[in-house]
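Notes follow the structure.
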Amino acid sequence: GGDELSRTQQGNNNAYCQDNAVNYYDWDLDERRRQFLAFTRKIIAFRKAHRTFRRHRFLTGAPDAEGVLDALWWHPEGRPMTHEDWQRPGLSAFGLLLRGDRIEGMDPRGRPLEDDTLLLLFNTAAAAAAFELPEAEAANPKGWEVIFESIETQACYTLGKPVPVDPHELMVLKAIAPAHQAG
């Protein structure tokens, strides 16, 4: 209902009964609103393109039979987040690793659901954050490719080097499978 057009309804989530400016759509979009609409379209297309964001079951963070987590919260220091990390005041940067080879369920033709392994990096701070990328936890990728970001940076990152995430940025990286797993 209008969020993609920056329609706020002045915080009124029940404005349907108001016949005034609070409930009207402003279809004359300025440049900022056009950019926001384009960004929203990009996010919707991105979600549609990735099965991992359309799972049939909730993520639990629990290990499967092989000990692999369906969702792993990632610390910028290059390790899984701990309970203590979440309790720290000022936590402003963290990641979420989603293994595309660990999606439960089957498609309509009875094939296992699969997608890319994705790493979402969030930085809500006013300063840049540097992330060490997962290796074993992500099935030992050859590297990482940027597939979505809220701020344009570079296209690929290699293992062992910190990835800079700009202030107030969301970056999504795709694991590049090792040669013996590619295909």
Side-chain angles (χ1 to χ4, degrees), residues 39 42-88 90-107 109-125 127-183:
F39 180 73
K42 182 179 170 184
I43 288 172
I44 291 168
F46 180 76
R47 181 180 179 273
K48 284 182 177 181
H50 288 281
R51 168 70 70 180
T52 200
F53 297 119
R54 297 178 283 113
R55 295 174 185 241
H56 298 293
R57 296 188 174 100
F58 287 108
L59 297 168
T60 64
D64 64 14
E66 297 172 23
V68 177
L69 306 178
D70 61 356
L72 175 65
W73 293 103
W74 194 251
H75 195 281
E77 293 174 356
R79 60 176 173 76
M81 294 282 289
T82 65
H83 179 73
E84 292 75 26
D85 291 327
W86 291 111
Q87 303 305 312
R88 265 193 25 245
L91 174 67
S92 58
F94 53 89
L96 175 60
L97 177 65
L98 299 170
R99 292 276 300 261
D101 60 343
R102 295 296 197 244
I103 301 173
E104 286 188 43
M106 301 285 184
D107 71 11
R109 294 185 175 180
R111 297 175 297 205
L113 299 175
E114 293 183 330
D115 193 9
D116 299 312
T117 291
L118 302 175
L119 179 63
L120 290 74
L121 301 178
F122 303 89
N123 181 13
T124 64
F131 281 83
E132 296 292 332
L133 301 178
E135 294 183 38
E137 299 85 355
N140 298 305
K142 185 169 60 173
W144 292 89
E145 176 185 355
V146 176
I147 60 170
F148 184 89
E149 57 189 332
S150 56
I151 300 171
E152 299 279 329
T153 55
Q154 68 185 57
C156 292
Y157 293 96
T158 56
L159 295 170
K161 294 184 180 182
V163 172
V165 180
D166 288 329
H168 311 291
E169 180 177 15
L170 163 64
M171 179 186 293
V172 181
L173 303 173
K174 176 180 86 170
I176 301 168
H180 67 277
Q181 291 180 355

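Side-chain contact check for Trp144 versus Leu121: every heavy-atom pair is 4.5 Å or farther apart. For the pair Phe131 and Met171, the minimum side-chain heavy-atom distance is 4.5 Å or more. Side-chain contact between Glu104 and His56 is absent, with no heavy atoms from C-beta onward closer than 4.5 Å.
With Trp86 contributing its side chain and Leu91 its backbone, the two residues share no donor-acceptor pair below 3.5 Å. A donor-acceptor pair under 3.5 Å is absent between the side-chain atoms of Asp116 and the main chain of Lys174, judged by distance alone. Looking at Asp70, its side chain never comes within 3.5 Å of a backbone N or O of Leu59 through a donor-acceptor pair. Panel note: side chain Arg102, backbone Pro63; no donor-acceptor pair is recorded below 3.5 Å. Looking at Thr124, its side chain never comes within 3.5 Å of a backbone N or O of His168 through a donor-acceptor pair.
Within a 6.0 Å radius of NZ in Lys161, other residues, nucleotides and ligands contribute 12 heavy atoms or fewer.
With respect to Arg79 and Asp85, a salt bridge is recorded, a charged nitrogen being found less than 4.0 Å from a carboxylate O.
The distance from atom CG of Leu173 to atom OG1 of Thr117, rounded to the nearest 0.5 Å, is 12.0 Å.
For residues 43-52, every residue pair satisfying the side chain to side chain donor-acceptor pair (under 3.5 Å) rule, not counting sequence neighbours, is listed here: His50-Asp115, Thr52-Arg55.
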